[in-house]
Visitor: 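Structure below; questions to follow.
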Amino acid sequence: MTMTRQFDVAVIGAGPGGYVAAIRASQLGLSAVCIDDWKHPATGKASLGGTCLNVGCIPSKALLESSENYERVLHKFGEHGIGVKDVTLDVGIMQARKDKIVGDFTNGIGYLFKKNKVTSVHGHGRFAASGPNGYSIEVAGDAGTETIAAKYVVIATGSVARPFPGVETDNKLVCDNIGALAFDAVPKRLGIIGAGVIGLEMGSVWRRLGAEVTILEALPGFLALADEHVAQEAFRAFTGQLGLKIYTGAKVSAITPAKATVKVEYEDRNGTRHRVDFDRLVVAIGRIPNTAGLNAEAVGLKLDGRGYLDVDAQCRTNLPNVFAIGDVVRGPMLAHKSSEEGVAVAETIAGQSPHVNLDTVPWVIYTSPEIAWVGKTEQELKAAGIEYRAGQFPFAASGRARALGETGGFVKMLADARTDRILGVHIIGPFASELISEAVVALEFGASSEDIARIVHAHPSLSEAMHEAALGVDKRALNI
Ligand code: FAD
Ligand code: NAD
């Protein structure tokens with residue numbers, strides 16, 4: 001019989017929510033264990049970092065950068081007078097670079113755990129029992145099963161790809177994000193179901209590398225979450241210069257894998273039926289919370305009807321001293337949101353009073369042009385009957401953007417018509433992912449558009465577009 005190990009805090013899941021929660025708990029003097037079951041597909045060894053590091057944020061950004069470089073060499077260097085002959089593409093090297101970046105970061109979490117005295121346990125954790133002294137969690141690992149006891153539990157078990165009903169994801173012909181990040185060659189015809197964030201990012205990667213990419217989106221509109229002007233601009237860029245074929249209002253009725261191809265049947269927005277063959281298919285129709293293996297019933301842990309854990313504003317579940325964070329609870333499925341909740345929960349357990357403001361979580365889509373936003377969209381403000389003023393500045397009028405050769409897109413700022421408080425900022429264009437930080441700070445500090453308009457921005461820099469958009473709210477833009 002093995003001994004039960006006792007901790008103050010047991011975190012289940014070592015994604016960006018869980019590993020950060022465990023580190024913060026330990027920094028605050030609590031004994032913390034982080035239980036995670038992710039295995040590297042090739043080595044079979046534990047690989048910390050969850051979806052984000054293994055098959056999400058980091059590998060996708062590595063491939064986006066590689067494919068963008070390829071695109072630049074082929075189509076953009078010429079205008080600088082740089083001629084490159086005999087351009088070659090080695091997908092194996094590109095994938096090895098991505099794997100190295102991922103490996104360095106997953107190993108890095110092991111280092112951070114040691115540095116912060118977090119105990120790391122590899123295996124699948126499930127609730128076994130609850131009692132007056134806390135909870136016991138059974139962890140099934142390669143070497144057998146052990147029991148961990150803890151006064152506090154943080155559930156950070158993340159999400160998995162939503163499968164297409166009735167279709168097996170083999171990650172060879174029919175893929176989710178895991179397969180889509182690991183192709184060993186560029187498919188000639190790539191089909192993608194879902195024009196969401198994954199569909200657009202992965203579609204961009206493989207299109208730039210030479211695939212003919214068709215995206216089938218069920219909804220009649222495009223990028224419904226984004227500001228509608230940003231979505232329109234993005235649709236033009238993706239279907240124009242980039243060459244993605246995006247069909248909205250497409251109802252997929254059947255997916256039939258054959259030996260080397262996969263057939264997709266769908267009805268378009270006009271009711272016409274289509275049958276298309278693809279060499280690979282990526283299903284990117286959203287993600288579902290990963291709660292199935294927790295044995296929630298054993299302790300009476302409450303899930304909502306869609307499998308999410310029900311939590312309050314402090315991420316408390318219905319059970320005393322059990323918290324849940326990240327993709328497994330309400331709110332956007334974003335790594336930085338998971339991490340902030342991880343920090344906040346650890347601080348709550350330690351008796352502090354932290355707060356995570358879900359209204360100022362930035363969204364970024366790492367396509368080219370990049371898309372980023374924070375706060376309310378113009379259509380949300382209209383629907384809520386809030387009077388606002390808008391300022392917009394195109395990157396075509398930015399000296400830095402012209403020098404970069406990235407002139408598409410704009411910054412749009414929306415401010416309350418009465419108080420001038422900034423309500424939303426929407427960017428499509430170069431380095432939108434970096435520019436959005438200024439807007440997040442502004443929203444958090446309750447800044448007005450005039451505050452941004454009166455701050456000195458370096459010249460020539462992309463941030464001048466934010467400055468000009470702020471000036472534009474008061475109709476006093478200087479360079480447009
Ligand atoms: P996860 O990262 O999913 O981690 C959960 C961990 O818990 C996993 O290791 C899992 O194996 C483990 N686990 C589950 N159940 C158990 C159990 N019972 N016992 C033990 N371990 C368990 N977000 C961004 O903010 N920016 C991006 O650029 C971005 N890009 C993305 C690209 C792709 C292709 C995908 C798929 C996602 C992307 N995301 C991005 C979303 C981001 O990855 C998630 O929001 C984030 O990983 C959620 O973190 P988490 O800690 O809640 O869960
Ligand atoms: P998503 O919710 O972004 O998009 C899914 C899309 O699929 C939607 O447009 C939806 O209407 C469509 N859809 C659903 N069912 C369909 C069907 N049967 N046929 C055709 N279309 C269908 O989901 P995703 O792209 O799978 O990504 C999941 C989540 O991962 C994202 O919402 C985001 O939270 C996270 N993510 C973030 C980033 C980032 O931050 N840059 C990158 C990738 C993923």
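All residue numbers refer to positions in the sequence shown, counting from 1. All ligand and atom numbering here is 1-based and tracks the order in the structure.
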Visitor: Side-chain polar contacts of residues 7-15 - donor-acceptor pairs under 3.5 angstrom, sequence neighbours left out - could you list them?
Guide:
from	atom 1	to	atom 2	distance (Å)
Asp8	OD2	Ser31	N	2.8
Asp8	OD2	Ser31	OG	3.4

Visitor: Going by the atom numbers of ligand 1, which of them fall below 4.0 Å from some non-hydrogen atom of Ile35?
Guide: 20 (C), 21 (N)
Visitor: Within the structure, is a non-hydrogen atom of Pro59 found at a distance of less than 4.0 Å from ligand 1?
Guide: no
Visitor: Measuring only between side-chain heavy atoms, which start at C-beta, is Asp327 closer than 4.5 Å to Asn290?
Guide: no
Visitor: Tell me whether Lys151 at atom NZ has more than 12 heavy atoms from other residues, nucleotides or ligands lying less than 6.0 Å away.
Guide: no
Visitor: Starting from atom 35 (C) of ligand 1, which protein heavy atom do you reach first, and at what distance in Å?
Guide: Gly56 CA, 3.6 Å
Visitor: For ligand 2, list every N/O pair with the protein closer than 3.5 Å, one pair per line with the distance.
Guide:
from	atom 1	to	atom 2	distance (Å)
ligand 2	3 (O)	Val197	N	3.2
ligand 2	9 (O)	Glu217	OE1	2.6
ligand 2	9 (O)	Glu217	OE2	3.2
ligand 2	11 (O)	Glu217	OE2	2.6
ligand 2	21 (N)	Ala218	N	3.1
ligand 2	23 (O)	Gly286	N	3.4
ligand 2	25 (O)	Val197	N	3.3
ligand 2	25 (O)	Ile198	N	2.9
ligand 2	26 (O)	Gly286	N	2.9
ligand 2	34 (O)	Met333	O	2.6
ligand 2	40 (O)	Val364	O	3.3
ligand 2	41 (N)	Glu201	OE2	2.9
ligand 2	41 (N)	Val364	O	2.8

Visitor: Mind checking whether Val425 and Val411 have side chains closer than 4.5 Å, heavy atoms only?
Guide: yes
Visitor: Does any part of the side chain of Val356, heavy atoms only, come nearer than 4.5 Å to the side chain of Lys337, both counted from C-beta?
Guide: no
Visitor: State whether Phe183 and Arg280 meet the cation-pi test: NZ (Lys) or CZ (Arg) under 6.0 Å from the six-membered ring centroid, and within 45° of the perpendicular axis.
Guide: yes
Visitor: State the atoms of ligand 1, each with its element, that fall below the 4.0 Å cut-off from a heavy-atom position in Ser159.
Guide: 3 (O)
Visitor: Report the nearest protein non-hydrogen atom to atom 39 (N) of ligand 1: residue, atom name, distance rounded to 0.1 Å.
Guide: Cys57 SG, 3.7 Å
Visitor: Near Ser60, which atoms of ligand 1 are under 4.0 Å from a heavy atom of that residue?
Guide: 32 (C)
Visitor: Who's closest to atom 41 (C) of ligand 1 heavy-atom-wise, of His124, Glu138, Met333?
Guide: Met333
Visitor: So which protein heavy atom does atom 10 (C) of ligand 1 come closest to, and at what separation?
Guide: Asp37 OD1, 3.6 Å
Visitor: In ligand 1, which numbered atoms sit nearer than 4.0 Å to a non-hydrogen atom of Tyr366?
Guide: 28 (O)
Visitor: Examine the proximity of ligand 1 to Asn177 and report which part, side chain or backbone, both or neither, has a heavy atom under 4.0 Å away.
Guide: side chain
Visitor: What I want to know is whether Leu181 and ligand 1 share at least one N or O pair that is separated by under 3.5 angstrom.
Guide: no
Visitor: Out of Gly342, Ala156, Ala46, whose heavy atom sits nearest atom 5 (C) of ligand 1?
Guide: Ala156
Visitor: Identify, for atom 18 (N) of ligand 1, the protein heavy atom at the shortest distance, and state residue, atom and that distance.
Guide: Gly125 O, 2.9 Å
Visitor: Which residue supplies the protein heavy atom nearest to atom 16 (C) of ligand 1, what is that atom called, and how far is it?
Guide: Thr157 CG2, 3.5 Å
Visitor: What I want to find out is whether Arg189 reaches Glu212 closely enough, with some N-O distance under 4.0 Å, to be called a salt bridge.
Guide: no
Visitor: With atoms numbered from 1 as shown, which atoms in ligand 1 lie under 4.0 angstrom from a non-hydrogen atom of Asn290?
Guide: 14 (C), 15 (N)
Visitor: Closer than 4.0 angstrom: is that true for some heavy atom of Arg126 and an atom of ligand 1?
Guide: no
Visitor: May I ask you to identify the nearest protein heavy atom to atom 44 (C) of ligand 1, giving residue, atom name and distance to one decimal place in Å?
Guide: Asp327 OD2, 3.3 Å
Visitor: Measuring from the heavy atoms of Arg287, does anything fall under 4.0 Å of ligand 1?
Guide: yes
Visitor: Identify, by atom number and element, the atoms of ligand 1 in contact range of Gly50, meaning under 4.0 Å from any of its heavy atoms.
Guide: 2 (O), 4 (O), 8 (C), 9 (O)
Visitor: Report, in ascending order of atom number, the atoms of ligand 1 lying under 4.0 Å from any heavy atom of Cys52.
Guide: 2 (O), 43 (O), 47 (O)
Visitor: Is atom NZ of Lys98 surrounded by more than 12 heavy atoms (other residues, nucleotides or ligands) closer than 6.0 Å?
Guide: yes
Visitor: So is Gly293 polar-close to ligand 1, meaning N/O to N/O under 3.5 Å?
Guide: no
Visitor: Do Glu68 and Arg208 have side chains that get closer than 4.5 Å, going by heavy atoms?
Guide: yes
Visitor: Atom CG of Leu200 and atom OG of Ser368: how far apart are they, to the nearest 0.5 Å?
Guide: 12.5 Å
Visitor: In terms of relative ring orientation, are Phe222 and Phe238 parallel, tilted or perpendicular, with 30° and 60° separating the classes?
Guide: perpendicular
Visitor: Does an N or O anywhere in Gly17 fall below 3.5 Å from an N or O of ligand 1?
Guide: yes
Visitor: Does some side-chain heavy atom of Val322 sit less than 4.5 Å from a side-chain heavy atom of Tyr135?
Guide: yes
Visitor: Using a heavy-atom cut-off of under 4.0 Å, does the side chain or the backbone of Leu334 touch ligand 1, or both, or neither?
Guide: both
Visitor: Heavy-atom contact check, 4.0 Å cutoff: does Lys61 meet ligand 1?
Guide: yes
Visitor: Hey, are the side chains of Asn107 and Ile109 touching, using non-hydrogen atoms and a 4.5 Å cut-off?
Guide: no
Visitor: Under a plain distance cut-off of 3.5 Å, with no hydrogens placed, do His122 and Asp36 share a side-chain donor-acceptor pair?
Guide: no
Visitor: With the side chain counted from C-beta on, respond yes when Glu370 and Ile428 share a heavy-atom pair under 4.5 Å apart, and no when they do not.
Guide: no
Visitor: Is there a side-chain contact between His124 and Ile35 (heavy atoms, below 4.5 Å)?
Guide: no
Visitor: Is it true that Lys382 and Asp227 have a side-chain N and a carboxylate O under 4.0 angstrom from each other?
Guide: no
Visitor: Please state whether Val55 comes within less than 4.0 angstrom of ligand 1, counting heavy atoms only.
Guide: yes
Visitor: For ligand 1, is there an N or O atom under 3.5 Å from any N or O atom of Ser338?
Guide: yes
Visitor: What is the nearest protein non-hydrogen atom to atom 7 (O) of ligand 1, stated with its residue, atom name and distance?
Guide: Gly13 CA, 3.2 Å
Visitor: Looking only at protein heavy atoms, which one is nearest to atom 3 (O) of ligand 1, and what is the separation?
Guide: Thr51 OG1, 2.7 Å
